[in-house]
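Below: the structure, in structure tokens.
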Amino acid sequence: MLSAPSMPRLYALLILALALPFTLTACDNNLDDGVGLDTTPAVGCESADAVVLPAGPTTTFLRTAPNDEADPVRPVRLVDLGLQPGDRFRAERLGEFQFRNIDPDSVRYGLLAVFSSDATLLDRIERERVPGAISAGRDYVSPPTHSRSLPTDIPEDFAVFDVDTLTVPEGSVYLFVSPVDDFYADNLDQDGDHRLCITHVE
């Protein structure tokens, strides 16, 4: 039988045991894009012809709010990826980034990409910043800007949260890659692991 002095300790241990699962899962609340987890590179990404593109945490080809001084994306030529229109390729998202640089638990995973006929990227106040954008057939509806709720969605871009296989559309010469977010200036990727792995599929 428990003595009276030990009962408060028993109650405290019981409360701690009940609270522990909630403590362990609290960090999941930040995964508000709802899809995908950080993964190790798959077999395809480790192949000799795989190309890995960085997705700078503060860069985007989407429209941004006036107070979001995001950096412009530098487009990549498809010939440098070993791709041309009509080719099938495997796209795999690797790593993650912080969407608040002061909060290490503010983690997001998604990547956006868009094909283009040229390397032109307009000013960030423009909604359709990639005038040469070409649809890959898998449109992703990007969220409005965090400030002012300005629309950012364009019909030609596509998202990669985990792994997907796509076809390079006709007329494509360049590829733009960006994280999925609604405010970019305060993002951070200290280990630089948020990337897009591209592998040609025969």
Side-chain angles (χ1 to χ4, degrees), residues 25 27-62 70 73-99 104-117 130 132-143 152-182 184 187-202:
T25 59
C27 61
D28 292 339
N29 294 336
N30 289 313
L31 305 183
D32 56 0
D33 37 21
V35 185
L37 294 173
D38 191 10
T39 58
T40 55
V43 174
C45 196
E46 295 174 344
S47 66
D49 61 344
V51 179
V52 179
L53 303 178
T58 61
T59 65
T60 186
F61 56 80
L62 296 178
V73 172
R74 296 183 63 180
V76 179
R77 291 177 9 129
L78 294 182
V79 293
D80 296 334
L81 304 177
L83 296 175
Q84 61 183 352
D87 284 352
R88 296 279 288 169
F89 69 97
R90 169 191 168 97
E92 180 180 4
R93 187 273 311 160
L94 304 175
E96 74 291 311
F97 68 98
Q98 293 172 221
F99 61 87
D105 291 327
S106 63
V107 177
R108 285 202 176 119
Y109 304 90
L111 286 170
L112 284 177
V114 66
F115 290 102
S116 178
S117 59
V130 184
I134 301 174
S135 177
R138 297 169 181 261
D139 180 35
Y140 175 78
V141 180
S142 55
T152 68
D153 186 55
I154 59 174
E156 299 89 359
D157 61 349
F158 60 93
V160 181
F161 285 96
D162 193 1
V163 181
D164 203 353
T165 302
L166 303 99
T167 300
V168 179
E170 290 299 321
S172 300
V173 181
Y174 289 88
L175 181 68
F176 292 77
V177 179
S178 164
V180 177
D181 202 5
D182 57 5
Y184 289 84
N187 292 348
L188 182 65
D189 182 12
Q190 286 186 308
D191 55 6
D193 71 340
H194 193 231
R195 298 163 295 160
L196 177 64
C197 177
I198 292 179
T199 310
H200 187 273
V201 177
E202 297 295 338

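- Between E96 and D193, the closest heavy-atom pair is O-OD1, 3.2 Å.
- Between F99 atom CZ and D189 atom CG the span is 14.0 Å, to the nearest 0.5 Å.
- Nearest heavy atom pair, residue R138 against residue T165, reads NH2-O, 3.4 Å.
- Interatomic distance, L94 CG to L196 CG, rounded to the nearest 0.5 Å: 7.5 Å.
- T152 contributes a side-chain N or O that, together with a main-chain N or O of P143, makes up a donor-acceptor pair within less than 3.5 Å.
- For the atom pair Y109 OH and D162 CG, the distance stands at 11.5 Å (nearest 0.5 Å).
- With 3.5 Å as the limit, one finds a donor-acceptor pair spanning the side chains of R88 and T167.
- With hydrogens and angles ignored, the 3.5 Å screen pairs a side-chain donor or acceptor of Y184 with a backbone N or O of P179.
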Q: Applying side chain to side chain contact (heavy atoms under 4.5 Å, CB included), run through L78 and V173 and close with a yes or a no.
A: CA-CA 6 Å; L78 294 182; V173 181; 5.7 Å; no
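- When every heavy atom of D49 is checked against every heavy atom of S47, the shortest pair comes out as OD1-OG, 2.9 Å.
- Between V76 and V177 the shortest side-chain heavy-atom distance does not fall below 4.5 Å.
- Side-chain contact between E92 and V163 is present, with at least one heavy-atom pair separated by less than 4.5 Å.
- Interatomic distance, CG of D157 versus CZ of F115, reported as 11.5 Å (0.5 Å rounding).
- None of T60, T58, T59, D181 except one satisfies the side chain to side chain donor-acceptor pair (under 3.5 Å) rule with N187; the exception is D181.
- Between atom OG of residue S116 and atom CG of residue L175 there is a gap of 9.5 Å, rounded to the nearest 0.5 Å.
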Q: Just do the side chain to side chain contact (heavy atoms under 4.5 Å, CB included) check on V130 and Y174 with the steps written out, would you?
A: CA-CA 11 Å; V130 184; Y174 289 88; over 6 Å; no
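- Listed here is the closest heavy atom pair of P169 and S172: O-OG, 2.9 Å.
- Taking the side chain as every heavy atom from C-beta outward, D153 and D139 approach each other to under 4.5 Å.
- The two residues G82 and D87 have their closest heavy-atom pair at O-OD2, 3.9 Å.
- We find the SG-CG distance between C197 and L111 to be 11.0 Å, quoted to the nearest 0.5 Å.
- Taking 4.5 Å as the limit, some side-chain heavy atom of H200 sits within range of a side-chain heavy atom of L83.
- Ring pair H194/F97 is tilted by interplanar angle, where 30° to 60° counts as tilted.
- In this structure, the side chain of R93 does not engage the main chain of G110 through any donor-acceptor pair within 3.5 Å.
- Residues V180 and Y140 have side chains in contact (heavy-atom distance under 4.5 Å, counting atoms from C-beta outward).
- The shortest heavy-atom contact between G86 and E170 is N-OE2, 4.0 Å.
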